[in-house]
Colleague: 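Below is the structure I would like to discuss, written out as structure tokens.
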Amino acid sequence: MRREGELSRLRQIRTVGSALGVQTVALPRLIRGLRREGDGSGWVAPMPPDSRLCRSALEEATETLSPALLAHSLRCWEFGIALAEVDDLRPDPEALYLACVLHDVAVGEPADPTVGCFALLGAHRARTFVLDRGATPELGECVHTAIARHLDPATPRDRGAEAALLHDAAHLDVTGLRAYQLDSRQIAAIDARHSRNGFAAEFTAAMRHEAHVRPRSTAATLWYSGMRLAIALNPLDR
């Protein structure tokens with residue numbers, strides 16, 4: 001019996017095709033890399049929403065994630081805010097922050113008997129986390145949708161600003177997609193605040209694990225379609 005979040009053979013094929021299409025279009029810019037212009041000391045970090053729920057989410061992420069994955073989650077928040085300005089989107093700041101800091105809470109978990117995708121497993125946990133702390137059902141569903149769809153090869157633009165921005169921010173941080181649309185000094189400032197040291201190697205190992213324990217998940221499908229190369233080509237790490 002297929003677990004929740006597992007892809008059929010047809011969906012695996014479509015996912016591979018979509019991922020290869022995205023990478024093919026992006027490849028010339030990824031190879032070219034970024035123009036480094038200064039250390040980014042003039043760029044100010046976006047302030048996290050000042051709510052008890054956001055502070056609790058950061059505490060949960062800090063306790064759950066490794067330092068490298070926590071830094072990745074915080075970079076996603078800052079990249080998401082930067083991309084919102086590029087795309088002229090107006091996300092709910094609290095929902096976007098919660099989705100960013102909690103989106104990888106299920107990475108590296110052992111096999112689950114009912115859920116076959118770490119993104120969906122993390123989405124379930126994040127929704128429960130925010131609802132248990134008094135969030136509205138609407139906020140819970142927004143966070144759940146953003147996390148559940150953040151591995152999609154293409155941006156889930158029809159799922160709301162928060163889902164689109166978490167998706168693009170996570171893909172930017174992991175593979176460099178859309179990095180050329182941000183000022184390199186801004187990227188340098190984000191990297192200085194949340195170090196990339198060790199992230200590429202740790203994330204590569206985590207996705208290898210996901211492909212092993214959840215072989216019909218979106219993560220596994222992306223891994224077998226060349227994720228390791230995409231991570232290696234990330235201009236943010238060069």
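These numbers come from the heavy atoms of this one structure, side chains and all, not from hydrogens, waters or symmetry mates.
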Colleague: Ser18 side chain to Arg14 main-chain N or O, any donor-acceptor pair under 3.5 Å?
Modeller: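 No; judged by distance alone, with no hydrogens or angles, the pair does not exist.
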Colleague: Are the side chain of Asp183 and the backbone of Arg185 linked by a donor-acceptor contact shorter than 3.5 Å?
Modeller: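 Answer holds: yes.
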Colleague: Determine the minimum heavy-atom distance between Ala68 and Asn197, stating which atoms define it.
Modeller: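 Shortest heavy-atom contact: CB-O, 4.5 Å.
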Colleague: Assess whether side chain to side chain contact (heavy atoms under 4.5 Å, CB included) is satisfied between Thr136 and Leu139, documenting all intermediate values.
Modeller: CA-CA 5 Å; Thr136 65; Leu139 179 58; 3.5 Å; yes
Colleague: Working to the nearest 0.5 Å, report the span between CG of Asp50 and CZ of Arg55.
Modeller: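 Between Asp50 CG and Arg55 CZ, I get 5.0 Å after rounding to 0.5 Å.
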Colleague: State the CZ-CD distance between Phe79 and Gln181, to the nearest 0.5 angstrom.
Modeller: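 Phe79 atom CZ to Gln181 atom CD measures 12.5 Å (nearest 0.5 Å).
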Colleague: Looking only at heavy atoms, which two atoms of Arg3 and Asp112 are closest? And how far apart?
Modeller: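 Taking every non-hydrogen atom into account, NH1-O, 2.7 Å.
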Colleague: Any donor-acceptor pair under 3.5 Å linking the side chain of His171 with the backbone of His150?
Modeller: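 Yes, because the side chain of His171 sits within donor-acceptor range (under 3.5 Å) of the backbone of His150.
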Colleague: Within a 6.0 Å radius of atom CZ on Arg11, are there more than 12 heavy atoms belonging to other residues, nucleotides or ligands?
Modeller: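 Atom CZ in Arg11 is not packed in, count stays at 12 or less.
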Colleague: Does the distance from a Lys or Arg side-chain N to an Asp or Glu carboxylate O, for Asp152 and Arg159, drop under 4.0 Å?
Modeller: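 No salt bridge links Asp152 with Arg159.
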Colleague: Rounded to the nearest 0.5 Å, how far does CD of Gln23 lie from CG of Leu229?
Modeller: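 Answer for the CG-CD pair, Leu229 versus Gln23, is 7.5 Å.
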Colleague: Test side chain to side chain contact (heavy atoms under 4.5 Å, CB included) on Arg9 and Arg216 and set out the steps.
Modeller: CA-CA 9 Å; Arg9 179 61 63 184; Arg216 296 172 67 182; over 6 Å; no
Colleague: Determine the sole option in Leu96, Asp92, Leu98 for which the side chain to side chain contact (heavy atoms under 4.5 Å, CB included) test with Val143 is passed.
Modeller: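 Output: one option passes, namely Leu98.
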Colleague: Over all heavy atoms of both residues, which pair between Ala45 and Glu78 is shortest? Give the atoms and the distance, please.
Modeller: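 Smallest interatomic distance, heavy atoms only, reads CB-OE2, 3.8 Å.
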Colleague: Would Arg178 and Tyr180 count as a cation-pi pair here, with the cationic atom under 6.0 angstrom from the ring centre and within 45° of the axis?
Modeller: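 Geometry flag: not set, cation outside 6.0 Å or 45°.
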Colleague: Between Glu6 and Arg2, is the closest basic N to carboxylate O distance under 4.0 Å?
Modeller: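 Glu6 and Arg2: not salt-bridged.
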Colleague: Atom CG in Leu177, atom CG in Asp168: separation rounded to 0.5 Å?
Modeller: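 The CG atom of Asp168 is 8.0 Å from CG of Leu177, to the nearest 0.5 Å.
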Colleague: For Phe199, is the NZ or CZ atom of Arg75 found under 6.0 angstrom from the centre of its six-membered ring and inside 45 degrees of the ring axis?
Modeller: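 Because its charged atom sits under 6.0 Å from the ring centre and within 45° of the axis, Arg75 does stack over Phe199.
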Colleague: Between the side chains of Arg196 and Asp237, is the shortest nitrogen-to-carboxylate-oxygen separation below 4.0 Å, so that they form an ion pair?
Modeller: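 Yes, Asp237 and Arg196 are salt-bridged.
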Colleague: Do Val105 and Ile147 share a hydrophobic cluster (ILVMFWY, side-chain heavy atoms under 4.5 Å, transitive)?
Modeller: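 Val105 clusters together with Ile147.
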Colleague: When the ring centroid of His72 is compared with that of His103, is the distance short of 6.0 Å?
Modeller: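 Yes: the rings meet the under 6.0 Å criterion.
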Colleague: Tell me which one of Leu222, Leu236, Ile231 satisfies side chain to side chain contact (heavy atoms under 4.5 Å, CB included) with Val174.
Modeller: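 One option only clears the test, and that one is Ile231.
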Colleague: Test salt bridge (Lys or Arg N to Asp or Glu O under 4.0 Å) on Glu85 and Arg90; report intermediate values, then the result.
Modeller: CA-CA 8 Å; Glu85 185 173 343; Arg90 299 292 180 266; over 6 Å; no
Colleague: For the pair Arg214 (side chain) and Pro110 (backbone), establish whether a donor and an acceptor sit closer than 3.5 Å, ignoring hydrogens and angles.
Modeller: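 Answer holds: yes.
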Colleague: Give the minimum heavy-atom separation between Leu70 and Ala61, together with the two atoms involved.
Modeller: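 Closest approach of Leu70 to Ala61, heavy atoms only: CD1-CB, 3.9 Å.
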Colleague: For residues Ser51 and Glu94, is any side-chain donor paired with an opposing acceptor at under 3.5 Å?
Modeller: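 Side chains of Ser51 and Glu94: pair found under 3.5 Å.
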Colleague: Determine whether a donor-acceptor pair (N or O, by modelled atom type, separation under 3.5 Å) exists between the side chain of Glu210 and the backbone of Gly108.
Modeller: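 Present.
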Colleague: If every non-hydrogen atom of Pro153 is compared with every non-hydrogen atom of Ala19, which pair is closest and at what distance?
Modeller: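 Nearest pair, atom of Pro153 first, then Ala19: CB-N, 3.7 Å.
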Colleague: Looking at every non-hydrogen atom in both residues, tell me the closest pair between Pro48 and Trp77 and how far apart they are.
Modeller: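 Closest heavy-atom pair between Pro48 and Trp77: CA-CZ2, 3.9 Å.
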Colleague: Has the side chain of Thr155 got a donor or acceptor atom that lies under 3.5 Å from a matching backbone atom of Arg157?
Modeller: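 A pair under 3.5 Å: no.
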Colleague: Find the distance between CE (Met227) and OG1 (Thr221) and round it off to the nearest 0.5 Å.
Modeller: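 The CE atom of Met227 sits 9.5 Å away from the OG1 atom of Thr221.
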Colleague: Do Asn234 and Thr175 pair up side chain to side chain, a donor and an acceptor below 3.5 Å, judged on atom types alone?
Modeller: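 Absent: no donor and acceptor within the cut-off.
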Colleague: Roughly how far, to the nearest 0.5 Å, is the CZ atom of Arg127 from the SG atom of Cys142?
Modeller: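 Answer rounded to 0.5 Å: 12.5 Å.
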Colleague: Does the Arg228 side chain pair with the main chain of Thr204, one donor and one acceptor, at a distance under 3.5 Å?
Modeller: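 No; zero donor-acceptor contacts below 3.5 Å.
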